[in-house]
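First the proteins, then the strands, lettered A, B, ... as listed; each starts at 1.
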Protein chains: 4
Amino acid sequence: MGEKNRRSAILAVASHLFAEKGYSNTTTAEIAQEAGVAEGTLYHHFGSKDGIFLTIFDEMAEEYLAGAERLAGDGKTGAETLSGLIRFHFEYLERNKTRFLVILRDFPNHLAADRDGRPAEIRNRFSRMTDILSLVLTKGFHDGTLRPSFPVRDTAGLLRGILYGTTRHSMLGIIDVPLSRLSRMVEGYCLQALSPDSRAGGKRGKGGKK
Amino acid sequence: MGEKNRRSAILAVASHLFAEKGYSNTTTAEIAQEAGVAEGTLYHHFGSKDGIFLTIFDEMAEEYLAGAERLAGDGKTGAETLSGLIRFHFEYLERNKTRFLVILRDFPNHLAADRDGRPAEIRNRFSRMTDILSLVLTKGFHDGTLRPSFPVRDTAGLLRGILYGTTRHSMLGIIDVPLSRLSRMVEGYCLQALSPDSRAGGKRGKGGKK
Amino acid sequence: MGEKNRRSAILAVASHLFAEKGYSNTTTAEIAQEAGVAEGTLYHHFGSKDGIFLTIFDEMAEEYLAGAERLAGDGKTGAETLSGLIRFHFEYLERNKTRFLVILRDFPNHLAADRDGRPAEIRNRFSRMTDILSLVLTKGFHDGTLRPSFPVRDTAGLLRGILYGTTRHSMLGIIDVPLSRLSRMVEGYCLQALSPDSRAGGKRGKGGKK
Amino acid sequence: MGEKNRRSAILAVASHLFAEKGYSNTTTAEIAQEAGVAEGTLYHHFGSKDGIFLTIFDEMAEEYLAGAERLAGDGKTGAETLSGLIRFHFEYLERNKTRFLVILRDFPNHLAADRDGRPAEIRNRFSRMTDILSLVLTKGFHDGTLRPSFPVRDTAGLLRGILYGTTRHSMLGIIDVPLSRLSRMVEGYCLQALSPDSRAGGKRGKGGKK
DNA sequence: AATGAATGAGAATTCATTCAT
DNA sequence: GATGAATGAATTCTCATTCAT
């Protein structure tokens, strides 16, 4: 086993164990043993148990966001891009189930907690996704393929919540819908909700009960 | 101080602390001290720390589900009932922010883990909500006010994911949209997505013009 | 072994081990085992390893200072009181060798370190001794039995340095003078240095070389 | 960067860090980083962390003792030499505050501990100072400028304790007397205590008037 | 029912030192 | 000489739970 591989061996083992048993039920001793390194080596490379988690998270987030940004940048219409993004989201998670389960299962909450009054750095990752979605919605609004009935940024936030919530419930088995079917459903419903063809605008919802 | 009061004092204090610091960062010693009882008393009433959490969760889930079931059972149309449910959801959480934060922050994952191959009892709570939503969707389908483009049960699951994900992101500050605005947005978009007025389904959306 | 005794058993064992092996070379596991209690019990009673040390220190400091204050308050002349204090100092340490060795050997330095810019609380103990000595010097100055050639408070500080340094060197074996002889020497030299009978005042030292 | 410079860079950085944070709170990794060398390099030059400390200590002790021996050897009277030694002591420490703080703060006690029943080598350094002081006291006794009321070697030991204790308390801020004032005070009081002019010994002080 | 002292099985982390390159 | 990745033993502290009173 080469030197470079020690680092990735640790990450692979940790991903696996975190996904299987949860973050807090996995001990650093276990990770070290399974990866065939000394416990100190974990700390040499990642500084702390949290550091291991953060590295896994960062690498995945970077990959995911890079993929999403690539899609958002190509020349299609807004609606097509939104479709593409939603498909990409579910395909990516299907391919990275293990690593994403780590995050879903028990994201170490203190990592997202604000420290000293400033938002945790991890939040920046999150907001990049809102930026991408906002961009796509704006594009669709201009090219006439999408008509958000609420402010673009709020709608982007809503979409993020939808993607997160549905993905989570499916992956944790809370609802009995596999990711592949979920992908088609979210795509279908979102486009319909944002469709410019629809006469029934969101505004109605704002106005009154009936 | 009567016996009943001790019990509720403990629950109130625990809700508060769990919401503020998270389940695992709250010690039983702390709960006991703030509630003004001995640590052993916690165990007389709730058997374990998990027992305290489960009691809080159960009480809230029962209230929530009872409210949702009441709404689902009245004589309105499917679309109106769905609107009502969504509004109820966000209003209820607005009124019970603290207790719900307990669940959002760091739900003790082992409580939802399957034990001995059988699904955790806590899952039953969850599935009741799917039942309610399925009922409403079916009603709307029959009275012509809703037209789900996917199987009713799957759509109900999707709606649960949407409600959970958007609520979570808002309450944890991951997106910058308050619950009240979110309520109107979710209501608007969901009705539009499920609207029978729209001929253009998500898959076919690109084609149809009228 | 009664319940009260657990606490004192821990203190006795800890004093012994700290004196013998030094603070940092003594593990909490060792203390617990020798005291016949669980390790957690240490933390139940003292909160931390430092807490154990601090308790030992405080109890001794309190005893010592109480004794010194009692002596300083009786009706003798300043010089007699100073003699008494010096004798008391060495006798007390002779009787409490073990506990004092704990402090001499390796006082956990971080305990005396200023935190957040404010002096450590432990300093207050120290300054009480300066107060006592200042009082005695002042008394001696008024009744004519002592004539400090430098400001009273500075001289008191000097005396504390003398007591500490000579005691330390003797107890750690750095100099080959037992405490009992040291006591007589310090008493003799201090009284002579502060004696009003001496023509050669400290002022000479201040003035010139010759 | 030449080889010599690496060595002294390490010593300078280590002195600084030891003085600031204490020996045990300074890690070898830190020293290496601040000195701009690899951690292994520390071990090439000094063999161990203790080795670094010992080198700093030895260099300073050698300088100090050489200076003291030089003073002790010149042709002045005993009293003048003692004055000179005391002034030298405080001046030297004033000029070498940082390095001396290293030793005061938390001298690694195991280095002074007897090993295999034999006194630690570091003790030899200490005893050289007693030799010097003994010499000076003897000289003063013969030329009539000093009259120790106790055996010369014991008195020398006492003086060392006085110098150590007062210096320590001042440098650690335990007493509020700067080194320069302390120097004059120690000089004044020591000469007075050892003065042949004073007939009144510590024990007999009360009696004699003239 | 209520108490709260006692428990004890962990778990993360530190860091001086080594050694192959 | 110089490097710095790897080591791994050692240690403090946590905290849910128990049980005698």
Practice prompt. Tell me which nucleotide among F/dT3, F/dT14, F/dA16 gets nearest to the side chain of D/V37.
Written response: F/dT3
Item to complete: Rounded to the nearest 0.5 Å, what's the gap from CG on D/L104 to NZ on D/K97? Could you check?
Response: 11.5 Å
Practice prompt. Apply side chain to side chain contact (heavy atoms under 4.5 Å, CB included) to D/T28 and list each qualifying residue two or more places apart in sequence or on a separate chain.
Written response: D/E39, D/L42, D/Y43, D/K49
Discussion item. By nearest heavy atom, map A/G47 and C/A38 onto DNA chain E; which one lands nearer the 5' end?
Written reply: C/A38
Worksheet item: Could you give the CD1-to-C1' distance, from D/I10 to F/dT3, as a whole number of Å?
Response: 13 Å
Worksheet item: What closest approach, in Å, do B/A14 and B/I56 show between heavy atoms, and which atom pair accounts for it?
Response: CB-CD1, 4.0 Å
Worksheet item: Pick the nucleotide of DNA chain F nearest each of C/G40 and D/T41; which residue has the one closer to the 5' end?
Response: D/T41
Fill in: Whole angstrom value for the distance that separates C1' of F/dA2 from CG of D/L42
12 Å
Worksheet item: Between residues 17-27 of chain C and DNA chain E, which residues have a heavy-atom gap below 4.0 Å?
Response: none
Worksheet item: DNA chain E in dot-bracket, Watson-Crick or G-U pairs under 3.5 Å, [ ] crossing, | other strand?
Response: .||||||||||||||||||||
Fill in: Interatomic distance where NE2 belongs to A/H45 and P belongs to F/dG4 [whole Å]
14 Å
Discussion item. What is the distance, to the nearest angstrom, from the NE2 atom on A/H44 to the P atom on F/dA6?
Written reply: 5 Å
Worksheet item: Where do C/R99 and C/E59 land on the side-chain contact (heavy atoms from CB on, under 4.5 Å) test, with the steps shown first?
Response: CA-CA 10 Å; C/R99 285 199 293 167; C/E59 289 188 353; 4.3 Å; yes
Worksheet item: Please give, in whole Å, the distance from E/dC15 P to D/D50 CG?
Response: 15 Å
Discussion item. Parallel, tilted or perpendicular: which one describes the rings of B/F18 and B/F53, with boundaries at 30° and 60°?
Written reply: tilted
Worksheet item: Can you name the residues that form a salt bridge (Lys or Arg N to Asp or Glu O under 4.0 Å) with D/R168, not counting sequence neighbours?
Response: none
Response to the item:
By nearest-nucleotide position on DNA chain F, the 5'-leaning member of A/E39 and B/S48 is A/E39
Practice prompt. Tell me whether the OP1 or OP2 atom of F/dT7 has a side-chain N or O from A/R6 closer than 4.0 Å.
Written response: yes
Fill in: Counterpart residues, side chain to side chain contact (heavy atoms under 4.5 Å, CB included), relative to B/T27 (two or more places apart)
B/A29, B/E30
Worksheet, complete the sentence: Between OH of A/Y43 and P of F/dT7 the distance, given in whole Å, is 15 Å
Discussion item. Please enumerate all residues that pass salt bridge (Lys or Arg N to Asp or Glu O under 4.0 Å) together with A/D50, with sequence neighbours excluded.
Written reply: none
